[in-house]
Amino acid sequence: MKDESIVIVGAGHAAMALCASLAEAGQGQRLILVSDEHELPYQRPPLSKAFLKNADVTAQVLRDAAWFAAAGIELVLGEAAWSIDREARTVTLRSGRSLAYGQLVLATGTRARRMPGWPEAANVHVLRSAQDARALRDGLAASRSVTILGGGFIGLEVAATCAALGKPVTVLEAGPRLMGRAVSEALSAHALQVHRANGVQVQLQATVGAPEFSQARLLRLAGQSGVHDVDMLLLAIGAEPNAELAEAAGLDCDKGIVVDAQMRTSDPQILALGDCAQFPLGQTRLRLESIQNAQDQARVAASSLLGGSASYQPVPWFWSEQGGMRLQMVGLLGAGPAETFRRQGAQPGAFSLFHYQQGLLRCVESVNAPADYMMARKLLEAGASPPGPQVADPGQPLRALMPNA
Ligand SMILES: Cc1cc2nc3c(=O)[nH]c(=O)nc-3n(C[C@H](O)[C@H](O)[C@H](O)COP(=O)(O)OP(=O)(O)OC[C@H]3O[C@@H](n4cnc5c(N)ncnc54)[C@H](O)[C@@H]3O)c2cc1C
């Protein structure tokens with residue numbers, strides 16, 4: 001008899017949202033969730049925020065063991081999926097255990113990028129898992145100063161935490177501006193000013209050259225900006241999709257596991273979602289690393305697994321917390337010039353940037369303006385594009401600009 005089990009590889013945000021959707025739908029198939037981590041699935045966003053500030057904070061589990069039992073989900077912890085036999089429809093785990101599947105879901109996420117050629121060093125950290133975060137927190141407590149390679153979201157969140165803890169912290173960013181891949185120039189410039197005012201040393205266009213290691217510790221980095229002594233270093237230079245399992249199984253991969261709008265890979269019995277999946281959006285293909293993406297793709301994947309036809313057409317959103325700034329972004333800024341309208345928020349230092357391209361509202365970035373951000377999100381989700389001067393007028397309630405308001 002054919003095995004109709006659903007096997008999910010990876011137990012992060014995407015997999016857990018999928019389990020929740022499937023449990024809610026009361027689907028009848030056997031569900032097996034395989035995680036290479038040893039702990040119950042947990043929230044990742046706090047790991048670069050509240051978790052680092054206080055040694056008593058523990059990782060927040062997404063669901064406890066009782067929930068898995070009640071939902072009838074078999075949770076296999078501490079076991080990596082090692083290979084897929086698409087012909088036989090089996091997944092083999094590192095222990096040698098073989099799991100038969102009717103449908104397989106890859107939710108393998110990403111891993112932190114490392115510096116090519118660098119050896120392991122006790123004072124060099126990355127931040128992806130709860131285990132990484134515990135090691136980083138211990139390292140912070142024992143270090144006099146911190147160097148962070150990379151001025152993206154994770155690097156800057158940790159930098160802000162270090163500054164709040166009173167640790168001297170330096171961010172070395174190779175690009176000309178902070179968060180350069182993800183936010184507008186105006187927001188980058190604002191963030192730079194705030195971080196510097198909070199005591200974070202930021203060097204832009206800081207390419208690092210030869211590292212000097214001794215006794216499994218990184219001692220210093222030589223770069224264009226001179227020699228930089230290192231007490232402790234966080235590598236925050238981006239993430240790479242865990243796509244090797246899919247690649248080895250012969251699935252289409254291109255900087256991620258290629259899926260269609262129903263989250264199906266090039267093998268219709270195998271789906272992929274979350275940070276590892278590269279999906280179609282309009283004329284382009286994209287891979288996003290965000291909770292919104294993981295959760296919304298999970299709803300679509302649940303529909304596909306249960307025979308539905310939902311498709312993923314996101315209005316992406318993201319948030320970050322950095323040194324008193326709550327950054328919230330919705331929409332995507334395409335290539336090419338944008339016209340930006342700034343709306344002052346209710347509090348000092350609060351504002352939103354409304355970005356228009358080809359006359360249409362494409363993206364909104366808010367700093368400490370959650371009410372404006374929520375309304376902006378509704379506007380974008382409704383496909384509305386009110387005139388720029390109107391959104392920039394703080395006397396104009398955004399709600400009034402909704403179609404049919
Ligand atoms: C420190 C940090 C802070 C973040 N902050 C924010 C934020 O503020 N806002 C936001 O929107 N997003 C944030 N993110 C991003 C967000 O956490 C990710 O987008 C989200 O976790 C993606 O979910 P996922 O399930 O695709 O991947 P993950 O949550 O990474 O889960 C993938 C899981 O699969 C496991 N796995 C991989 N390969 C195998 C295998 N072969 N066998 C078994 N298991 C395997 C991995 O170990 C991992 O547990 C943050 C991420 C980090 C690391």
Side-chain angles (χ1 to χ4, degrees), residues 7-19 32-52 59-60 62 75-84 91-95 97 99 104-113 125-134 136-137 150 152-158 160-161 179 182 234 236 238-249 256-257 259 263 272-279 287-298 301 314 316-322 326-330:
V7 174
I8 305 176
V9 177
H13 282 273
M16 286 307 299
L18 177 59
C19 285
I32 306 170
L33 183 59
V34 180
S35 173
D36 61 1
E37 297 193 62
H38 290 269
E39 46 206 303
L40 283 170
Y42 54 84
Q43 297 263 10
R44 273 176 218 281
L47 298 179
S48 49
K49 307 175 181 79
F51 187 90
L52 294 179
Q60 297 167 25
L62 287 162
L75 181 57
V76 182
L77 293 177
E79 269 273 39
W82 212 237
S83 64
I84 300 166
V91 181
T92 302
L93 308 185
R94 188 165 23 207
S95 62
R97 182 179 170 190
L99 299 172
L104 174 65
V105 181
L106 301 176
T108 48
T110 56
R111 58 180 177 276
R113 187 170 290 136
H125 295 257
V126 293
L127 180 51
R128 182 74 213 164
S129 64
Q131 198 180 341
D132 295 337
R134 285 188 281 268
L136 179 64
R137 188 165 65 183
F153 289 113
I154 289 182
L156 293 174
E157 288 184 357
V158 176
T161 301
M179 300 175 282
L234 173 68
E240 296 179 60
N242 290 321
E244 290 77 4
L245 186 64
E247 256 163 22
I257 307 171
V259 293
M263 316 319 301
L273 74 162
D275 282 12
C276 66
Q278 205 238 54
F279 61 92
R287 196 177 62 73
L288 289 175
E289 295 170 12
S290 73
I291 296 298
Q292 167 275 321
N293 184 61
Q295 289 175 342
D296 292 349
Q297 288 191 344
W317 52 263
F318 190 80
W319 82 97
S320 176
E321 288 159 23
Q322 302 174 19
R326 182 163 176 83
L327 310 179
Q328 293 172 292
M329 288 138 268
V330 58

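Ligands are counted one by one from 1 in listed order, and the atoms in each one are counted from 1 as well. Because the structure is predicted, anything quoted here is derived from the model rather than measured.
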>> Using the rule side chain to side chain donor-acceptor pair (under 3.5 Å), only one of Glu37, His13, Gln60 pairs with Tyr42; which is it?
In response: Glu37

> List by chain and number: which residues place a heavy atom under 4.0 Å from ligand 1?
Replying inline: Val9, Gly10, Ala11, Gly12, His13, Ala14, Val34, Ser35, Asp36, Glu37, Arg44, Pro45, Ser48, Lys49, Glu79, Ala80, Ala81, Ala107, Thr108, Gly109, Leu127, Arg128, Ile154, Asn242, Gly274, Asp275, Glu289, Ser290, Ile291, Ala294, Phe318, Trp319

> Is atom CD of Glu244 surrounded by more than 12 heavy atoms (other residues, nucleotides or ligands) closer than 6.0 Å?
Replying inline: yes

>> Working note: Val91 + Ile32, criterion side-chain contact (heavy atoms from CB on, under 4.5 Å); need CA distance, chi angles, decisive distance, verdict.
In response: CA-CA 11 Å; Val91 181; Ile32 306 170; over 6 Å; no

> Checking side chain to side chain contact (heavy atoms under 4.5 Å, CB included) against Phe279, which of Leu288, Ile257, Leu273 comes through?
Replying inline: Leu288

> Which value, rounded to the nearest 0.5 Å, describes the distance between Met329 atom CE and Gln292 atom CD?
Replying inline: 12.5 Å

> What pairs with Thr110 under side-chain hydrogen bond (donor to acceptor under 3.5 Å, both in side chains), at least two apart in sequence or on another chain?
Replying inline: Arg128

